[in-house]
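Here is the structure we will look at.
Everything numeric here is computed off the predicted structure, so don't read it as measured data. Chain naming here is simple, since letters A, B, ... match the order of the sequence lines and numbering starts at 1 in each. Values below: all heavy atoms of this structure, side chains included; hydrogens, waters and symmetry mates excluded.
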Amino acid sequence: MSKEISSQYNPRETEEKIYRLWMESGFFAPEAHQLRTDNPKSYETFCVSIPPPNIKGSLHMGHALNATIQDILIRKKRMEGYKTLWVPGTDHAGIATQNVVEKNLKKQGISRHDCGREKFLEKILEWKEKYGAIILDQFKKIGVSMDWSRTRFTMDEKYQEAVVFAFLHYHKNGLLYRAEKVINWCTRCQTSLSDLEIEYREEKTKLYYIKYPCVQNKEGEKKKQEWVIVATTRPETMLGDSAIAVHPSDARYKNLIGTPVILPIQNREIPIIADKEIDENFGTGAVKVTPAHDLLDARIGEKNNLPIHKVIGPLGKMTEGAGSAYAGLKVAECRQVILEELARQNLVEKIEEYTHNVAVCYRCEGGIEPLPSLQWFLKMEKLAEKAIEAVEKGEIRFYPKSWEKVYFDWLKNVHDWNISRQIWWGHRIPVFYCDKKLGIQNAQNEERGISDFVVADKKPTACPFCGKCEMVQETDVLDTWFSSALWPFAILGWPKKTKDLEAYYPNHVLSTARDIINLWVARMIYSGLEFTGQKPFTDVIIHATVLTKDGKRMSKSLGTGIDPMDLIEKYGADATRFGIIWQNMGTQDIRWAEEHVFAGKKFANKLWNMARFVMIKTENVAEIPVDITAIAFDDTARAFYQKLTALIPEVSKKIDDYEFGHALHVLYGFIWYEFADTYIEYAKEHDTKENLILLRYALIECITVLHPFMPFITEEIYSTLHTDGALLMIKRWPSK
RNA sequence: GGACGGUUAGCUCAUUUGGUAGAGCGUCUCGUUUACACCGAGAAGGCGGCAGGUUCGAAUCCUGCACCGUCCACCA
């Protein structure tokens with residue numbers, strides 16, 4: 001570095017140049033590490049797989065935080081000599097992507113049904129090509145050291161094979177079944193959803209108290225009661241009622257248990273039954289039971305052998321089962337009509353204001369209707385047991401540990417997983433039906449053969465049932481999380497026994513957001529154990545959530561999101577990484593404050609000028625001796641040197657403990673105050689040969705340890721110190 | 001309804017096991033000193049959410065409450 005170099009650090013030019021340098025070096029791939037001779041740990045591997053982002057849009061602050069965390073880890077490990085592998089990739093994100101592309105087409109006045117399945121899938125692939133590439137490019141801008149030669153996509157050819165293999169395995173082992181059960185149905189997406197794909201919104205609504213007339217008791221019997229009053233928020237579902245349920249020990253109703261009441265409007269007799277799951281204190285203590293359209297009612301119905309009356313269809317409209325007067329009405333419309341009718345019959349006791357949570361789809365926020373539907377399910381009991389055990393035994397550890405509770409709570413109460421989705425974009429279920437018993441096209445159809453199917457990786461040439469038909473593949477696709485669950489090993493070539501799988505599996509660290517602990521992490525854990533017999537990774541880092549300055553969730557639709565690319569544009573990638581990590585302290589969520597990125601920019605500039613100064617002063621200084629301790633330092637220099645030697649293990653430990661923010665704070669304080677303000681100032685007045693050597697030595701040590709946090713500027717400074725083309729990214733990490 | 005996390009300087013956050021509270025940004029004063037004004041030297045600014053308790057001593061431990069946030073849940 002010489003005097004004509006600007007006193008202003010220019011991140012834009014540098015970052016592009018440096019990233020190209022890294023790419024050309026080949027050191028993002030672990031293979032290159034073997035070429036090193038100073039590598040005592042070259043036989044050890046360290047593997048991280050990125051949570052593959054959706055291809056539906058662009059990266060947000062959470063991605064930037066997570067990418068930086070993983071990059072810090074992988075860069076440090078690489079410098080320590082490990083064969084490091086960080087696999088990049090993207091997720092096809094079934095419903096989310098389909099919805100985005102569908103919306104996009106809608107602008108042109110085209111529906112997905114206009115396109116047809118194949119054409120529509122082509123459109124999605126086009127979208128994937130475009131946005132998948134943009135996302136990966138954004139990662140590069142952040143400075144991640146991923147091995148781009150191993151980039152994967154959850155729908156690429158090999159991945160599809162892995163998914164089919166997994167499905168076949170589950171089937172062979174009796175963990176899969178197909179059944180008609182009450183599931184969550186999104187009336188907008190027109191598909192079933194798993195329990196985890198439902199969100200709840202608070203809604204102000206009303207609680208209606210409705211009278212169900214008792215059937216006149218026989219002569220001679222004592223007590224006559226005119227009616228039983230039930231409280232409900234959804235009067236329209238009464239058309240499908242099969243019973244009224246009360247708590248068995250509820251004194252108010254004890255005498256009535258077993259007697260019938262008249263279901264108004266339908267004029268059907270339904271029994272009063274007893275069930276312990278009923279809360280005596282809610283409403284009147286008597287509940288209408290609609291087995292077809294409520295999950296609790298479905299269970300009560302099953303226990304008590306109640307008939308199922310379907311009255312709501314997949315479009316959120318009343319069906320013929322509701323009666324011809326109501327068929328075709330939307331649920332909300334039907335509610336009004338029903339209420340009017342009940343009022344006319346004088347059967348509405350009272351109406352109360354009521355606030356409760358309403359289920360909505362996590363992808364489109366559309367309304368959820370519980371309804372019976374023929375779906376594929378994965379039995380969860382045994383898989384969950386394995387997953388619980390692995391964490392209980394400490395084979396897999398969560399950081400911070402408190403998140404293990406979230407994991408256990410879910411797994412210990414998990415229901416069977418509905419894995420089939422009635423959308424087009426996804427892994428088509430490898431099941432083939434006998435054409436004679438078709439009717440599987442629409443899971444809502446009445447007539448269908450449940451047993452006449454084959455599970456196979458390819459369509460059978462001859463139908464084993466009728467011997468002559470062309471078999472028809474299931475039209476449903478798999479829940480997108482079914483394929484994500486295989487990520488840590490599928491990206492390494494599983495189910496084939498590849499060298500990568502052998503070398504890099506189990507992965508070491510998985511870093512991700514808390515909201516997918518169960519949706520994704522838990523499923524990877526039991527999938528890994530089930531398919532590979534090994535845990536998929538050792539440490540799970542649950543990073544902070546990046547919130548707005550007011551502590552609210554960042555949301556693109558609300559306009560409260562921050563685009564990390566804007567920050568990089570404005571301050572540079574190193575400064576952006578600095579700002580994010582600066583705020584990443586322990587478990588505390590991050591209330592986003594941009595000033596820390598500005599602080600990062602200032603810090604980069606400071607470092608730049610420190611380096612400039614050291615270069616100018618030490619231009620004529622001989623090489624740093626191998627044994628720096630042999631130099632006769634004066635007292636100030638010795639004190640500084642000792643602080644420097646203490647700093648390095650401290651930073652190392654903090655990174656190893658996943659305390660990234662603390663590590664950066666320590667580094668920042670040392671470099672600015674101990675090095676620049678104190679020692680450099682001292683060395684200006686005492687520019688002995690020893691002090692000049694120490695200046696240079698300290699600079700190199702500092703940028704080495706700072707490199708994982710701020711890789712671009714440190715690499716740039718290093719490259720001006722070493723004209724032989726040596727790269728800081730593979731320089732030995734200083735150890736005690 | 002349950003669980004978890006938060007409440008410390010104007011703002012964003014630190015304060016490893018209890019002993020008179022720190023940083024960055026912002027503000028104010030001074031400074032063109034052999035890198036850097038995206039700088040240097042210095043300063044102001046906090047009865048640490050509220051109320052009790054334990055202790056010689058608590059931001060730090062205990063209890064209760066309030067507010068904020070997140071997650072989970074089949075109270076109709």
So what is the 5' to 3' dot-bracket string for RNA chain B, if pairs are Watson-Crick or G-U wobble with both distances under 3.5 Å, crossing pairs use [ ] and | means the partner sits on another strand?
-> (((((((..((((........)))).(((((.......))))).....(((((.......))))))))))))....
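- For the pair A:Asp550 and A:Val614, both in contact range of RNA chain B, the more 5′-proximal nearest nucleotide belongs to A:Val614.
- Contacts of A:Phe398 classified as ring-ring contact (aromatic ring centres under 6.0 Å, His included), with partners at least two apart in sequence or in another chain: A:Tyr407.
- A:Asp634 and A:Tyr682 share a donor-acceptor pair across their side chains, judged by distance under 3.5 Å alone.
- A:Ser402 comes within 4.0 angstrom of no nucleic acid atom, judged by non-hydrogen atoms across all strands.
- Remark: C1' of B:G22 and CH2 of A:Trp582 are 11 Å apart, rounded to the nearest angstrom.
- Using modelled atom types and a 3.5 Å distance limit, the side chains of A:Gln375 and A:Ser192 yield a donor-acceptor pair.
- In this structure, A:Arg252 contributes its side chain and A:Glu280 its backbone to a donor-acceptor pair below 3.5 Å.
- Residue A:His356 places at least one side-chain N or O under 4.0 Å from the OP1 or OP2 atom of B:A76.
- Nucleotides B:G46 and B:C11 have their C1' atoms positioned 14 Å apart, rounded to a whole Å.
- Between A:Gln8 and A:Thr232, the one whose closest nucleotide on RNA chain B sits nearer the 5' end is A:Gln8.
- If you check every strand for non-hydrogen atoms under 4.0 Å, A:Tyr673 touches sugar and phosphate atoms only.
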What does the list of N/O pairs under 3.5 Å between the protein and nucleotides 70-74 of chain B look like, with a distance for each?
| unit_1 | atom_1 | unit_2 | atom_2 | d |
| --- | --- | --- | --- | --- |
| B:A73 | N6 | A:Asn357 | ND2 | 2.5 |
| B:C74 | N3 | A:Arg299 | NH1 | 3.0 |
| B:C74 | N3 | A:Arg299 | NH2 | 2.5 |
| B:C74 | N4 | A:Arg299 | NH1 | 2.4 |
| B:C74 | N4 | A:Arg299 | NH2 | 2.8 |

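- Distance, A:Met710 CE to B:C38 C1': 12 Å, rounded to whole Å.
- Legend: residues meeting side chain to side chain donor-acceptor pair (under 3.5 Å) with A:Lys549, ordered by chain and number and at least two apart, are A:Glu595.
- At the heavy-atom level, A:His665 lies nowhere under 4.0 Å from the strands shown.
- RNA chain B is contacted by A:Arg591, A:Ala593, A:Glu595, A:His596, A:Ala599, A:Lys601, A:Lys602, A:Asn605 of residues 591-605 of chain A, taking any non-hydrogen atom closer than 4.0 Å.
- Evaluation of the salt bridge (charged side-chain N to carboxylate O under 4.0 Å, His left out) rule for A:Glu302 yields no partner, not counting sequence neighbours.
- For A:Tyr668 and B:C36, the OH to C1' distance is 13 Å, given to the nearest whole Å.
- Atom CG of A:Asn584 is separated from atom P of B:G24 by 20 Å (rounded to the nearest Å).
- Screening residues 651-664 of chain A for side-chain hydrogen bond (donor to acceptor under 3.5 Å, both in side chains), with sequence neighbours left out, gives A:Lys76-A:Asp656, A:Asp539-A:Tyr658, A:Ser652-A:Trp733, A:Lys653-A:Asp657.
- Counting only residues at least two apart or on different chains, the salt bridge (charged side-chain N to carboxylate O under 4.0 Å, His left out) pairs with a member in residues 568-584 of chain A are A:Arg12-A:Glu569, A:Asp71-A:Arg577, A:Lys570-A:Glu594.
- Atom NZ of A:Lys617 is separated from atom C1' of B:C36 by 15 Å (rounded to the nearest Å).
- Residue-level contact check: A:Met585 touches the backbone only, with heavy atoms under 4.0 Å from sugar-phosphate atoms and none from bases.
- Computed from coordinates, the A:Ile616 CD1 to B:U34 P distance equals 13 Å when rounded to whole Å.
- Each side-chain hydrogen bond (donor to acceptor under 3.5 Å, both in side chains) pair with one or both residues in residues 664-674 of chain A, not counting sequence neighbours, appears once here: A:Lys643-A:Glu674.
- Within residues 202-213 of chain A, no residue approaches RNA chain B, by heavy-atom distance under 4.0 Å.
- For the OP1/OP2 pair of B:C38 and a distance below 4.0 Å, the side-chain nitrogens and oxygens of A:Tyr571 include no atom meeting the criterion.
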Audit row: A:Val546, A:Ile562, side-chain contact (heavy atoms from CB on, under 4.5 Å) steps and yes/no | CA-CA 10 Å; A:Val546 185; A:Ile562 302 261; over 6 Å; no
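- Under the ring-ring contact (aromatic ring centres under 6.0 Å, His included) criterion, A:Phe282 pairs with A:Tyr354, sequence neighbours left out.
- Annotation: the span from A:Ile265 atom CD1 to A:Met238 atom CE amounts to 5.0 Å, rounded to 0.5 Å.
- Side-chain contact of A:Tyr362 with A:Glu197: a donor-acceptor pair under 3.5 Å is present, judged by distance alone.
- Annotation: ring-ring contact (aromatic ring centres under 6.0 Å, His included) contacts of A:Tyr9 (sequence neighbours excluded): A:Trp608.
- Looking at A:Thr688 and A:His686, their side chains never bring a donor and an acceptor atom within 3.5 Å of each other.
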